[in-house]
Amino acid sequence: MKKGDHLFLVDGSGFIFRAFHALPPLTRKSDGLPVGAVSGFCNMLWKLLTDARDTSVGVTPTHLAVIFDYSSKTFRKDLYDAYKANRSAPPEELIPQFGLIRQATRAFNLPCIEVEGFEADDIIATYARQAEAIGGDVTIVSSDKDLMQLVTPNVHMYDSMKDKQIGIPDVVEKWGVPPEKMIDLQAMTGDSVDNVPGIPGIGPKTAAQLLAEYGDLDTLLNRATEIKQEKRRQTIIENADKARLSRELVRLRTDVPLELAVQDLVLEKQDGPKLIGFLKAMQFTSLTRRVADACECDASVIDAVDVPVEWGAAAHGPDLDVDKPAPVAGGVPDIVGDSVQVPAKAKEANGEGMFQPASLAQSRAEAFASLPFDHSRYITIRDLATLDQWIADARQTGLVAFDTETTSLDAMQAELVGFSMAIADNAKNSTGTTIRAAYVPLTHKTGYGDLLGGGLADNQIPMRDALPRLKALLEDASVLKVAQNLKYDYLLMKRYGVETRNFDDTMLISYVLDAGTGAHGMDPLSEKFLGHKPIAYKDVAGSGKSNVTFDLVDIDRATHYAAEDADITLRLWMVLKPRLAAEKLTAVYERLERPLLPVLAHMEERGITVDRQILSRLSGELAQGAAALEDEIFKLAGERFTIGSPKQLGDILFGKMGLAGGTKTKTGQWSTSASVLEDLAAAGFELPRKIVDWRQLTKLKSTYTDALPGYVHPQTKRVHTSYSLASTTTGRLSSSEPNLQNIPVRTAEGRKIRTAFIAAPGHKLISADYSQIELRVLAHVAHIPQLTQAFADGIDIHAMTASEMFGVPVEGMPSEVRRRAKAINFGIIYGISAFGLSNQLSIERSEASDYIKRYFERFPGIRDYMDSRKQMARDKGYVETIFGRRINYPEIRSSNPSVRAFNERAAINAPIQGSAADIIRRAMIKMEPALSEAGIGDRVRMLLQVHDELIFEVEDADVEKATPIIVSVMENAAMPALEMRVPLKVDARAASNWDEAH
DNA sequence: GTCCGACCGTA
DNA sequence: TTACGGTCGGACG
């Protein structure tokens, strides 16, 4: 190597992480091997080797090496034990790519360098300084800030993904200090990702300012007493040692012992066939062609080389908790199922391969796709001997599908009328189904036409005999119970003293597999997977006026309906369960979905007390207020009309009164939404203001104060909502009848409703809510250093955003500036568009565009994140949460641009909203065991969940003990499955009503 | 009776 | 700009 030579040092380890997040996911066609980073790496290398001159580097390398980390154990770990301690395991798809990129490097005939005990950065530093000393030039192919300290007039960095060269001015522009001060700057700011402590509360801005003033870190520390700001002075003095330690951690070593001298890194000629053999193995068709053209080889005669792959992934997907044995349900029955239920034909056709999850799922789907339903095989069980036999058969096969028939859709009020079972026999039978099903009527009444009606129908097993047997079956952990929407049956049976154990829920399995592709109710699933439209409930029990409760349904008709439900449920399980393993979603189902079912059932069963007197008093006040407004509205309008009719109101405002500024809804009606009315009110019109006020009062009255008392349970005197586990696309829960997730909180008037939600006598309500959980998730998934740092430092996140974007200091910031930043932050989570933001902030579209542009400049990781989610949704048809929950977007490739844009925004939002939902799910699952371990499991009762908030009812004396446990479970909910890059924060408060606790 | 759109409450 | 559920009016049969 001599003066004028040019050494390229490629940061191989850095590239793979960066490429993984920045580039669209890509898998090898033949087997799904993830190869996105490998592809990016090969393309980048090829470009550098062939026409680096045309990139922003502008020169061709004479020497080149690719550098890797040897392992995570380095000398830094000896300096500081916690260094990189909170690094989580790399994403599953990355694992095989580490090895592949090394193999790619060798295929390119390039030296592949790693040294035990040192990071790639140290090796790069050593080579860079050596080359510089000889008089050569150096380009470090990386954009990692940790390498910026190496930049000199002769050493540049190159961000290959953005094709951007980084020199001294670029470092100064980005960090406010020249490269040689980067070490001091990083020593002060620390790095939460690598666990470099730094000085708390000092970010890059402050650090740069201090360095400008004091010159370097030592001087600063020596003269720290001169710092004017009291708080800052104190933390710097207190953390001087941490800063010195941090400096040693971030300072790169330039004395790494190297086997290959810098002269040996000379660029060799490419071996075309060798490279093509590798590229073909990776199935990179276009790069293979380009390489073949360049070296004038005939790619078609070159065989793909054998590339060993370390997959590093279990068939069931990631295990989400390492410290806990996997919950076992259905291991044995799965096998029983395989060997018996698939009709003989499907077995033969698929041969041995069917024992692989994917081919089993495939063959099951085909076997059941249109297997006919034979109702004549359904029986009614009316005697104990037959019932006992069926239960024995269920024990024998270890698997039974069941369904309850009741008098109500409300599991808290329903009475058990009968139950059905379906069993898969161990019989070889090629002529028909191998599933048999039966209905056990228990409390059917005599016909309702009977004047003496109400008596029990004849020939039913008495409840007192049947119930103990049903209990024994449902509580028997050696038998897997399968049901559709089991939470209903679980709660119902719990009220009869039965706690169902070892279960699967076909609705939840479908939800985990196919969220986003349609409903997960039994009827749609049956049509979709079994090609069968089930008997409609209303055809059995009637509808409308002639609707009867199930106990009045004729037992023969009931048998057809009920037994069919159990039959369908078992078939759905056969089809869906193997897909979990085939699609690597078992862990999501077993860790996030199934265990939540009993937790929610218990919450629903507990209910919450609402004070009916408070509500009725509020109703009176609201009625009065609304009546007064009505008079004024009619006077202003000059006529009486139905204020609640948007159609009539639109005619009055924009027709009769001829107000300007109206917009139309998509059906062509005048829009009278609150924002339209607010605009008119701001323009000086009285009527719209009154309408807005009237709407608020009547909304509160009709939706809350009038409706809630109707949900008070006659026996428990409490309100029992119902949570749906499977009705959102993102993994959130929903609440209905009543919806307790939309109780007002924003206005003072609305909050009064919350005062009616009270703790039982001698108890308090504790409300514990996550602070900014979605923005924290965003910081984590998109790797936004400023956000991560701000959360680590406990800084006001919206103010920080405003400060970054508008250059306004946090202290004394006008509230309007912060408000805008806040709207932008939320916009980002929602998949921002200039149109949406301009609406939200009532500003021009062009101004909103500028904001977004500036945001992306300030936080470039955000744009990368958004692009990568869109790309993933397009490539794979789904995106996923940090715990692997999958959300499908079948319409992401729609030719309709607005449909497509909508799906893209949703695909950006879903991983954020869904990851937050997964986190609180984990907290809920862990809550009862944690409280029990502390000895207060039976005295602290979780009642409600409102997306980022949990509400508990606790005996007065236990509040002090319970609160820190609740907070800790919530804050640590992601662990140990996942170490987040940002801390989670939970605020908790206790009071006698929900308003004061919140 | 049942369905749909408009509107509005929550995170 | 994301995700929900409930109430109302009004049109349909």
Side-chain angles (χ1 to χ4, degrees), chain A residues 515-516 538 542-547 641-650 664-677 691-692 694-708 710-711 721-724 727-747 749-751 753-754 769-775 778 823-841 845 848 851-852 866 869 887 901-914 916-917 920 944-949 998:
Chain A
K538 66 175 193 298
S543 65
K545 252 190 168 161
S546 56
N547 172 37
F641 65 104
T642 308
I643 305 172
S645 164
K647 188 171 139 65
Q648 294 183 31
L649 177 62
K664 297 280 183 83
T665 67
K666 64 180 169 206
T667 54
Q669 297 266 330
W670 288 111
S671 169
T672 65
S673 68
S675 71
V676 170
L677 299 181
I691 302 284
V692 169
W694 180 89
R695 281 204 183 141
Q696 195 202 3
L697 300 189
T698 53
K699 170 89 175 178
L700 293 177
K701 184 168 186 291
S702 67
T703 307
Y704 303 104
T705 60
D706 286 354
L708 279 172
Y711 289 102
T721 184
S722 173
Y723 288 103
S724 170
S727 53
T728 72
T729 48
T730 54
R732 273 193 178 181
L733 304 179
S734 75
S735 156
S736 62
E737 294 179 281
N739 181 353
L740 296 187
Q741 290 180 324
N742 72 344
I743 303 302
V745 70
R746 289 181 194 184
T747 64
E749 275 299 301
R751 267 201 302 278
I753 291 163
R754 290 200 170 209
D769 68 308
Y770 284 105
S771 159
Q772 308 281 17
I773 187 167
E774 293 194 348
L775 277 174
L778 174 69
I824 296 166
N825 275 334
F826 277 102
I828 294 295
I829 291 172
Y830 298 153
I832 205 153
S833 76
F835 177 78
L837 185 64
S838 66
N839 264 340
Q840 177 69 27
L841 286 176
R845 186 103 61 100
Y851 285 179
I852 294 169
M866 295 175 112
R869 293 314 86 185
I887 301 111
F902 176 76
N903 277 273
E904 288 173 353
R905 290 194 297 272
I908 289 165
N909 173 256
I912 303 171
Q913 187 183 114
I920 198 167
L944 302 178
Q945 190 251 42
V946 191
H947 309 309
D948 65 359
E949 176 187 14
H998 184 73

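Just so we're on the same page: letters track the sequence lines, and every chain starts at 1. The figures that follow rest on heavy atoms only: side chains count, while hydrogens, waters and symmetry mates do not.
Between B:dG9, C:dG9, B:dA11, one nucleotide has an atom nearer to the side chain of A:R746 than all others, and that is B:dA11. Residue A:Q696 places its side chain closer to B:dG9 than to any other of C:dT2, B:dG9, B:dA11. Closest contact between the side chain of A:P744 and the listed nucleotides C:dG10, C:dA3, B:dT10 involves B:dT10. Side-chain proximity of A:F835 to B:dG9, C:dT1, C:dT2: nearest is C:dT1. Taking the side chain of A:A906 as heavy atoms from C-beta on, and the options C:dT7, C:dT2, C:dT1, the nearest nucleotide is C:dT2. The side chain of A:S702 sits closest to C:dC8 out of C:dC8, C:dC4, C:dA3. Here the side chain of A:R905 is nearest to one of C:dG6, C:dT2, C:dG10, namely C:dT2.
A distance of 10.0 Å separates CZ in A:R732 from CD1 in A:I920, rounded to the nearest 0.5 Å.
When atom types are taken as modelled, the side chain of A:T703 and the backbone of A:L700 share no donor-acceptor pair closer than 3.5 angstrom.
Put simply, A:Y830 does not rest on the base of C:dT1: the two rings are not both less than 5.5 Å apart at their centres and under 30° in tilt.
Residue A:K538 qualifies as open at atom NZ: its count of foreign heavy atoms under 6.0 Å is 12 or below.
The base of B:dG9 lies close enough to the side chain of A:N742 for a donor and an acceptor atom to sit less than 3.5 Å apart.
Note: CD1 (A:I912) to C1' (B:dA11) measures 14 Å, nearest angstrom.
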